[in-house]
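All remarks here apply to the structure that follows.
All of these numbers come straight from a predicted model, not from anything done at the bench.
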Amino acid sequence: MSESQVWDDVDDYFIGQLAPDDEVLEAALRDSEAAGLPEIAVSAAEGKLLHLLAQIQGAARILEIGTLGGYSTIWLARALPADGRLVSLEFSPKHAEVATRNLARAGLDKVVEVRVGPALESLAQLADEGPAPFDLVFIDADKANNPHYVEWALKLTRPGSLIIVDNVVRGGRVADPDNTSPDVQGTRTAIELIGSHARLSGTAIQTVGRKGYDGFALARVLA
């Protein structure tokens, strides 16, 4: 049995026991695939982790950068209190359309607002509106802009808020100093920003499973 098959089998076991997909989540994945969206949504185990982190954080306001088909959005929004709010930013109108349908099916269309356009522009517009601070920010968009997304997350949060950056291992390439790919460079810069910024305390975890070899970073906003 290959190493990757072992990872898949263990993931299947954990998901079956701890995060079995329900029909709404399964339908979101099916519709995303049928619409031709890339199959890069978080796994059910990762979705459940996001859900638990939002609950542990007591998050009432969540910002998501990168909606895709809304799968992770559903996991996060389900952790909100009755008066909670989630704003999700998506570059692709096609992806946003699929996500909006998936969120409506999940009964979350009144809780989640999907904004379409380049995330850096949407973030600037959001900041101009003077919103209440977000309690949790999930960053899962184009990796080259990860450091900019972390900087915006700092502007839009409060002391005690949690910032999550997905896909930071890049199959191990993040540790290769000679790799100049924009996704690797952006991720590495974001990690270095988290490690050096006076208002952030963070760590990064490597993961294996259905999504292969990857990982995520967690950072807490300090006073």
Side-chain angles (χ1 to χ4, degrees), residues 1-12 14 32-33 36-47 49-50 53 63-69 71-73 76 88-92 94-95 117-124 136-157 161-222:
M1 185 182 294
S2 68
E3 188 175 58
S4 61
Q5 185 59 56
V6 173
W7 297 347
D8 290 351
D9 290 347
V10 172
D11 236 12
D12 288 344
F14 285 150
S32 296
E33 181 180 3
L37 273 59
E39 296 183 31
I40 55 174
V42 301
S43 70
E46 293 166 329
L49 175 62
L50 291 173
L53 287 172
L63 173 63
E64 179 182 50
I65 304 175
T67 317
L68 195 62
Y71 184 77
S72 59
T73 320
L76 286 165
S88 189
L89 310 180
E90 174 54 48
F91 174 78
S92 166
K94 177 182 177 181
H95 295 180
L120 293 179
E121 294 180 10
S122 296
L123 287 162
L136 185 149
V137 179
F138 178 49
I139 299 171
D140 189 12
D142 56 308
K143 311 310 174 186
N145 278 315
N146 272 344
H148 301 302
Y149 297 148
V150 171
E151 289 170 346
W152 272 111
L154 266 171
K155 296 175 183 178
L156 292 167
T157 51
S161 292
L162 181 65
I163 300 170
I164 307 167
V165 186
D166 203 13
N167 308 127
V168 298
V169 172
R170 317 304 301 156
R173 292 180 295 136
V174 72
D176 179 3
D178 297 321
N179 193 305
T180 58
S181 298
D183 65 314
V184 172
Q185 295 279 50
T187 300
R188 187 183 294 123
T189 302
I191 293 294
E192 292 168 359
L193 174 62
I194 291 171
S196 62
H197 202 288
R199 292 189 57 225
L200 290 173
S201 176
T203 190
I205 301 294
Q206 302 178 74
T207 61
V208 296
R210 283 184 178 178
K211 299 298 180 179
Y213 174 41
D214 212 328
F216 58 90
L218 293 174
R220 187 170 188 267
V221 179
L222 307 176

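Taking the side chain as every heavy atom from C-beta outward, N145 and I65 never approach each other to under 4.5 Å. Using a 4.5 Å heavy-atom cutoff, the side chains of I163 and L200 are in contact. No side-chain heavy atom of T189 sits under 4.5 Å from any side-chain heavy atom of N146. By the 4.5 Å heavy-atom criterion applied to side chains, Y71 and S32 are not counted as neighbours. A heavy-atom distance below 4.5 Å is found between the side chains of L89 and L123. Contact annotation: the side chain of L136 never approaches that of L50 to less than 4.5 Å [non-hydrogen atoms, C-beta and beyond]. In this structure, W152 and L120 have side chains that are in contact, with non-hydrogen atoms separated by less than 4.5 Å. Contact of the H95 side chain with the P38 side chain is registered, since non-hydrogen atoms from C-beta on lie closer than 4.5 Å.
Heavy atoms only, all atoms of each residue included: Y213 and W7 are closest at N-CZ3, 4.2 Å. Contact record, L154 with H197: CD1-NE2, 3.4 Å, taken as the closest heavy-atom pair. The shortest heavy-atom contact between V42 and S72 is CG2-CB, 4.0 Å. Shortest non-hydrogen contact noted between E64 and L76 is OE2-CD1, 4.1 Å. For the pair P147 and G186, the tightest heavy-atom approach, listed with the atom from each and the gap, is CD-O, 3.0 Å. Smallest separation of non-hydrogen atoms from T67 and S88: OG1-OG, 2.6 Å.
Side chain of R210 to main chain of D12: no donor-acceptor pair is present (N/O by atom type, distance under 3.5 Å, no hydrogens or angles). At distances below 3.5 Å, at least one donor-acceptor pair connects side-chain atoms of E90 with backbone N or O atoms of L68. Listed for the R199 side chain is no donor-acceptor partner under 3.5 Å among the backbone atoms of V221.
Going from atom CG of D178 over to atom CZ of R173 covers 13.5 Å, rounded to the nearest 0.5 Å. Distance CG/L156 to CG/L63: 6.5 Å, rounded to 0.5 Å. Distance OH/Y149 to CG/D142: 3.5 Å, rounded to 0.5 Å. Separating the OG1 atom in T207 from the CD1 atom in I205 is a distance of 9.5 Å, to the nearest 0.5 Å.
Put simply, the residue from N179, D176, D183 that forms a side-chain hydrogen bond (donor to acceptor under 3.5 Å, both in side chains) with R170 is D183.
Judged as a salt bridge (charged side-chain N to carboxylate O under 4.0 Å, His left out), and not counting sequence neighbours, D214 has no contacts. Residues satisfying the side-chain contact (heavy atoms from CB on, under 4.5 Å) test with E121, not counting sequence neighbours, are P118. By the side-chain contact (heavy atoms from CB on, under 4.5 Å) test, E33 is found to be paired with E39, residues two or more places apart in sequence or in another chain being considered.
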Determine, stepwise, if the pair L222 / R220 fulfils side-chain contact (heavy atoms from CB on, under 4.5 Å).
CA-CA 6 Å; L222 307 176; R220 187 170 188 267; 4.2 Å; yes
Please test L53 against L218 for side-chain contact (heavy atoms from CB on, under 4.5 Å), starting from the C-alpha separation and ending with a verdict.
CA-CA 10 Å; L53 287 172; L218 293 174; 4.1 Å; yes
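A salt bridge is absent between D11 and K211; no separation between the charged side-chain nitrogens and carboxylate oxygens falls under 4.0 Å.
Between Q5 and S2, the side chains place no donor N or O within less than 3.5 Å of an acceptor N or O (distance only, hydrogens not considered).
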